[in-house]
Colleague: 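For reference, the structure I am asking about is given below.
For the single chain, residues carry numbers from 1 onward in sequence order.
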Amino acid sequence: MPVQGLSKALRRLAGGLVLLAGSAAAEGIPGPTLESVLEITGFWLQEDYDRREALLPLVESEGIGALYLSDRLVHLDAEALAEGGMFDTLLKIGPHLQMRGVSIRSMSVIEETPGYVIEVNGIHYEVYSKREADRSWELATETFVRLVSDLLPSEGRDRFYALNSGNDLSGFFLPPEVLPFFIAGDVQVSDRPYTPTRKGPDYGMPADG
């Protein structure tokens, strides 16, 4: 089977496992474990060998919280993104993109003031307009996560999610099938990966309580 077809087959299988887990949990039947979903989605293939060997026993003992120590988590900083740092941040996470088959062919600033518009691989992204400058951090967060998600191959296993916000903003490369384990696990709501939106007041970030 071609690699692309194999990747799609693995994603379907992993998705089926997560659906099965939800159905089983509803009936009080143990479902697929986090360990099995990480294995079937190829989570460990994108992890440095030493880090993987350190994380495997932690996942078994600590659960989903151990993934916060993964190389897949990268610091972003919403302030830097909003103040002209979109390209610097893209270059910083370049190795993560390259190992997932992403090639950045072009990057340019279309407009820098009073709004902020950029181009990446021929696609224009309005980070924020002049009238939106007062919420530039939140809109830059949404734009960057969407941009990286657009760059990732549709047949790939990973998507890109935000974690936290503001100067503490990070990005998380994760298979979508892993997300339910953050909800089911003992993880503070505001510390869960999420897909940002352009609508306040939370802009897609899960809130405690």
Side-chain angles (χ1 to χ4, degrees), residues 46-48 51 64-100 102-152 156 158-176 178-179 182-183 185 187-209:
Q46 306 290 354
E47 200 76 32
D48 172 81
R51 182 65 63 92
I64 194 71
L67 299 191
Y68 291 109
L69 301 175
S70 167
D71 286 332
R72 291 164 166 269
L73 185 63
V74 291
H75 183 245
L76 301 179
D77 189 341
E79 180 180 11
L81 292 175
E83 297 183 359
M86 302 285 279
F87 295 159
D88 287 342
T89 307
L90 264 182
L91 293 175
K92 184 177 79 171
I93 69 171
H96 290 274
L97 296 173
Q98 291 167 11
M99 72 171 59
R100 290 169 174 83
V102 174
S103 175
I104 298 178
R105 300 180 300 278
S106 65
M107 295 190 301
S108 60
V109 176
I110 306 301
E111 179 183 333
E112 198 163 14
T113 182
Y116 187 17
V117 183
I118 61 173
E119 170 271 325
V120 177
N121 284 3
I123 300 176
H124 288 199
Y125 294 89
E126 183 179 50
V127 184
Y128 55 84
S129 64
K130 177 181 179 180
R131 68 178 184 277
E132 296 172 323
D134 61 334
R135 47 194 195 112
S136 61
W137 290 24
E138 294 85 357
L139 299 183
T141 295
E142 186 277 335
T143 304
F144 190 80
V145 172
R146 175 162 48 91
L147 187 163
V148 173
S149 296
D150 287 348
L151 289 171
L152 291 172
D158 290 336
R159 299 293 94 197
F160 193 60
Y161 301 94
L163 187 72
N164 298 321
S165 62
N167 296 121
D168 295 325
L169 175 68
S170 292
F172 219 157
F173 290 94
L174 288 170
V178 175
L179 292 182
F182 284 94
I183 298 172
V187 174
Q188 189 169 314
V189 173
S190 58
D191 287 336
R192 294 173 182 168
Y194 67 99
T195 300
T197 70
R198 300 180 76 83
K199 184 177 180 180
D202 297 324
Y203 297 92
M205 180 177 172
D208 294 319

Colleague: Within the structure provided, determine whether Leu152 and Arg159 are in side-chain contact (heavy-atom separation under 4.5 Å).
Modeller: yes

Colleague: How about Thr143 and Leu81: do any of their side-chain heavy atoms sit closer than 4.5 Å?
Modeller: no

Colleague: I'd like to know whether Leu67 forms a side-chain contact (heavy atoms from CB on, under 4.5 Å) with Leu73, so could you lay out the CA-CA distance, the side-chain angles of the two residues, the decisive distance to 0.1 Å, and finally the verdict.
Modeller: CA-CA 8 Å; Leu67 299 191; Leu73 185 63; over 6 Å; no

Colleague: Measure across Pro193 and Tyr68 and return the closest heavy-atom pair with its distance rounded to 0.1 Å.
Modeller: CD-OH, 4.5 Å

Colleague: Roughly how far apart are Ile104 CD1 and Leu147 CG, rounded to 0.5 Å?
Modeller: 8.0 Å

Colleague: Please name the pair of heavy atoms, one in Phe182 and one in Val187, separated by the smallest distance, quoted to 0.1 Å.
Modeller: O-CB, 3.7 Å

Colleague: Classify the ring geometry of His96 against Phe173: parallel below 30°, tilted from 30° to 60°, perpendicular beyond 60°.
Modeller: parallel

Colleague: Would you say the side-chain atoms of Tyr125 and Asp150 include a donor-acceptor pair closer than 3.5 Å?
Modeller: yes

Colleague: How far does CD of Glu138 sit from CG of Asp202, to the nearest 0.5 angstrom?
Modeller: 10.5 Å

Colleague: What are the two closest non-hydrogen atoms of Pro206 and Val189, and how far apart are they?
Modeller: CG-O, 3.3 Å

Colleague: For residues Ala82 and Trp137, report the shortest heavy-atom separation together with the two atoms involved.
Modeller: CB-CD1, 3.8 Å

Colleague: Could you work out, with side-chain hydrogen bond (donor to acceptor under 3.5 Å, both in side chains) as the rule, every residue matching Asn164, not counting sequence neighbours?
Modeller: none

Colleague: Could you tell me which non-hydrogen atom of Tyr128 sits nearest to which non-hydrogen atom of Ser136, and how far apart they are?
Modeller: CE2-CB, 3.5 Å

Colleague: Find the distance between CE (Met99) and CD (Gln46) and round it off to the nearest 0.5 Å.
Modeller: 6.0 Å

Colleague: So Phe87 and Val120, do their side chains get closer than 4.5 Å, heavy atoms only?
Modeller: yes

Colleague: Tell me, which pairs form a side chain to side chain donor-acceptor pair (under 3.5 Å) where one or both residues lie in residues 76-89, sequence neighbours left out?
Modeller: Asp77-Asn167, Glu79-Asn167

Colleague: Any idea which heavy atoms bring Ser190 and Met205 closest together, and the distance?
Modeller: O-CE, 3.6 Å

Colleague: How many angstroms lie between atom CG of Leu163 and atom CG of Asp168, to the nearest 0.5 angstrom?
Modeller: 9.5 Å

Colleague: Looking at OH of Tyr161 and OH of Tyr194, how far apart are the two atoms once the value is rounded to the nearest 0.5 Å?
Modeller: 13.5 Å

Colleague: Taking salt bridge (Lys or Arg N to Asp or Glu O under 4.0 Å) as the definition, give me every residue that meets it alongside Asp71, ordered by chain and number, with sequence neighbours left out.
Modeller: Arg51

Colleague: Using side-chain heavy atoms (C-beta onward) and a distance below 4.5 Å, is Pro196 in contact with Tyr203?
Modeller: no

Colleague: Within this structure, what is the CG-NE2 distance for the pair Leu169 and His75, rounded to the nearest 0.5 Å?
Modeller: 7.0 Å

